[in-house]
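Here's the structure we're looking at; comments come further down.
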Protein chains: 2
Amino acid sequence: MEESKVPLPTLERLATYLRYLNESTNRDEVTISSARMEEATGIHAAQFRKDLSYFGEFGQPGIGYKADELRQRIAAILKVEDTQPVILIGAGNLGSALLGYAGLPQHNFPIVGVFDNNANKIGYKLWNRTIEDIADLKAINRELKSQIAIVCVPNAAAQKVADQLVDAGIRVILNFAPTVLRVPERVFVRNVCFVQELMVLSFFLSPGLQAGD
Amino acid sequence: MEESKVPLPTLERLATYLRYLNESTNRDEVTISSARMEEATGIHAAQFRKDLSYFGEFGQPGIGYKADELRQRIAAILKVEDTQPVILIGAGNLGSALLGYAGLPQHNFPIVGVFDNNANKIGYKLWNRTIEDIADLKAINRELKSQIAIVCVPNAAAQKVADQLVDAGIRVILNFAPTVLRVPERVFVRNVCFVQELMVLSFFLSPGLQAGD
DNA sequence: TAGATTGTTAATCGATTAACAATC
DNA sequence: TAGATTGTTAATCGATTAACAATC
């Protein structure tokens, strides 16, 4: 399982397959073929088989894949069979929305700690969870043992927070601040930027046209 | 400007360049070279020049790019020089957070309408904006003339909402529901899925290790 | 002019798709 | 067995990077 040679797009698609297999409405499918997966996710059947091939043999020629086994194996690859505790930095609007989002614990990503640097927030509760002082991050995470952080702080604070997270033993960061975070090579960052997504979409609008034209 | 042959990764990077150029803290740079842009964004200098080359000549050999002119030209390419009104579907936690996010209007994407199907929300205000009935979407958007929609509804409702959006003249959709939306070819969709991002990151964790080990 | 940096071409790299022998 | 579908190899496609003549 030479992880270093797995393409990133493959990992992203694995997550898509897993999300599909996890959906309760699909739990009645006992076996699933690559053609069926293409139908469900829009990802080419050959691509699906190729993606899996990085990790061994999964299916039965002539039959397909046992849905439940496939789900378990992809979950194992992505290391989400067991709960992965997540900490959240930044108790603003977005942080609050994420804390209230049931999809995270449902997919084995419970938020186990919330941190902020704002004295008006520290000690108060958000969704029934006490907001901790970011200064105590390292000490508290010695207990929480989280390796995953979600960063929802303003741009200006993001780099400092990233440094603190690395110091506290965090290994991967989901960053909502629209900044390039500088972290050691061993730490992985993924950025989500709403404005950037809208800019890309905006390109596809026809110039000068408005809805209804 | 053969739009159809511009690679999607190029558009995503253009948005990154623009975000950098838009940052107030960088407004003192009068000219900027591709090497400087690499430093700032992590994107290879050759890649930067190649990306721009799809849209004509921008810079001065030996000197670089005039920062302000570059900003304007990229903004024009992405069609964000002028305000692009956006409508928001789903007045839940995430929708509320997006509505309160100052970054959207700051980048010329003001949210001009909010819709929901929940009778307990319709008519009430969120961030001082009245929540409209999704049933009135088409009629109201005849006035709003928005071409961009952000979808923050539960999975089960997403496809129906997408159909209504298409019917109301929406051309591009930023979808936060973890479902594959079926839309006509002329409509563009980008998906943002928090759980998927976390799954990809989770892959990079070492098995069995915890923070502090 | 000399030094710097662009815009573009060509080379490399990597990812997607097609095809098909293996096999349930 | 015949039909279906996998896993993998090879072919295609596309994107990134290197190199350099053009030029400010």
Side-chain angles (χ1 to χ4, degrees), chain A residues 1-17 20-21 29-74 77 180 196 200 203, chain B residues 1-17 20-21 29-74 77 180 196 200 203:
Chain A
M1 207 188 285
E2 285 278 335
E3 298 189 356
S4 54
K5 23 202 299 283
V6 180
L8 193 60
T10 289
L11 295 177
E12 295 171 342
R13 287 188 297 262
L14 284 175
T16 302
Y17 308 142
Y20 175 76
L21 294 165
E29 294 184 86
V30 175
T31 66
I32 184 166
S33 68
S34 57
R36 176 76 195 85
M37 188 59 93
E38 173 168 354
E39 222 169 70
T41 63
I43 296 165
H44 200 289
Q47 182 80 262
F48 171 70
R49 298 199 302 276
K50 177 78 176 172
D51 286 338
L52 295 182
S53 76
Y54 290 103
F55 304 97
E57 309 201 348
F58 289 68
Q60 294 160 287
I63 303 199
Y65 304 80
K66 289 183 196 159
D68 201 59
E69 190 199 315
L70 183 63
R71 191 180 54 70
Q72 280 179 44
R73 291 192 63 174
I74 298 179
I77 291 166
V180 180
Q196 184 149 356
V200 171
F203 172 84
Chain B
M1 211 188 288
E2 286 277 335
E3 298 190 358
S4 53
K5 22 202 299 283
V6 180
L8 193 59
T10 288
L11 296 177
E12 294 172 341
R13 286 187 298 262
L14 284 175
T16 302
Y17 308 142
Y20 175 76
L21 294 166
E29 294 185 86
V30 176
T31 66
I32 184 165
S33 67
S34 57
R36 175 78 195 87
M37 189 59 96
E38 173 168 353
E39 222 169 68
T41 63
I43 297 165
H44 200 289
Q47 183 81 75
F48 172 72
R49 298 199 302 275
K50 177 77 173 173
D51 286 338
L52 294 182
S53 76
Y54 290 104
F55 305 96
E57 309 202 347
F58 289 67
Q60 295 159 286
I63 303 200
Y65 304 79
K66 288 183 197 161
D68 201 61
E69 190 199 314
L70 183 63
R71 192 180 53 71
Q72 280 179 44
R73 291 190 66 173
I74 298 179
I77 291 166
V180 179
Q196 184 147 357
V200 172
F203 172 83

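Per chain, numbering begins at 1; letters A, B, ... match sequence-line order.
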Atom pair distance, as rounded to whole Å: CG in B/L11 and C1' in D/dA15: 13 Å
B/Y54 OH - D/dT16 P separation (whole Å): 8 Å
Worked check of side chain to side chain contact (heavy atoms under 4.5 Å, CB included) between B/Q196 and A/T16: CA-CA 7 Å; B/Q196 184 147 357; A/T16 302; 2.7 Å; yes
Side-chain touch A/Y17/A/I43, heavy atoms, less than 4.5 angstrom: yes
Phosphate OP1/OP2 of D/dG7 contacted by A/R49 side-chain N/O (<4.0 Å): no
Geometric cation-pi criterion B/R13 and B/F48, 6.0 Å radius, 45° cone: no
Donor-acceptor side-chain pairing of A/E29 and A/Y65 below 3.5 angstrom: no
Any residue of residues 61-74 of chain A with a heavy atom less than 4.0 Å from an atom of DNA chain D: A/P61, A/G62, A/I63, A/G64, A/Y65
Atom-to-atom span, CD of A/E57 to C1' of D/dT5 - whole angstrom: 13 Å
Stacked cation flag A/R73 on A/F55, 6.0 angstrom / 45 deg: no
Between C1' of D/dT17 and CD1 of B/I43, the distance in whole Å: 14 Å
Whole-Å gap separating C1' (D/dT17) and NZ (B/K50): 10 Å
side-chain N/O A/S34 vs D/dT5 OP1/OP2, d < 4.0 Å: no
A/I77/A/Y54 under side chain to side chain contact (heavy atoms under 4.5 Å, CB included): CA gap, chis, key distance, verdict: CA-CA 10 Å; A/I77 291 166; A/Y54 290 103; over 6 Å; no
Stems where DNA chain C pairs, listed by first number, each of three or more Watson-Crick or G-U pairs under 3.5 Å: C:3-24 with D:3-24
Flag side-chain contact, heavy atom, 4.5 Å: B/Q60 against B/K66: yes
B/R13 side chain near D/dT16 phosphate (N/O to OP1/OP2, under 4.0 Å): yes
B/F58 CZ to D/dC24 P, straight-line distance once rounded to whole Å: 17 Å
Beyond-backbone contact of A/L14 with A/L52, side-chain heavy atoms, under 4.5 angstrom: yes
Side chain of B/Q47 (C-beta onward), nearest among D/dT16, D/dG7, C/dT16: D/dT16
N/O (side chain, B/H44) to phosphate O (OP1/OP2, D/dA18) under 4.0 Å: yes
Short side-chain N/O contact from A/Q60 to OP1 or OP2 of D/dT6, under 4.0 Å: no
Whole-Å gap separating P (C/dT17) and CG (A/D51): 10 Å
Worked verdict on B/E38 versus B/Q47 for side chain to side chain contact (heavy atoms under 4.5 Å, CB included): CA-CA 9 Å; B/E38 173 168 353; B/Q47 183 81 75; over 6 Å; no
Nearest-angstrom distance from the residue atom CE of A/M37 to P of D/dT5: 15 Å
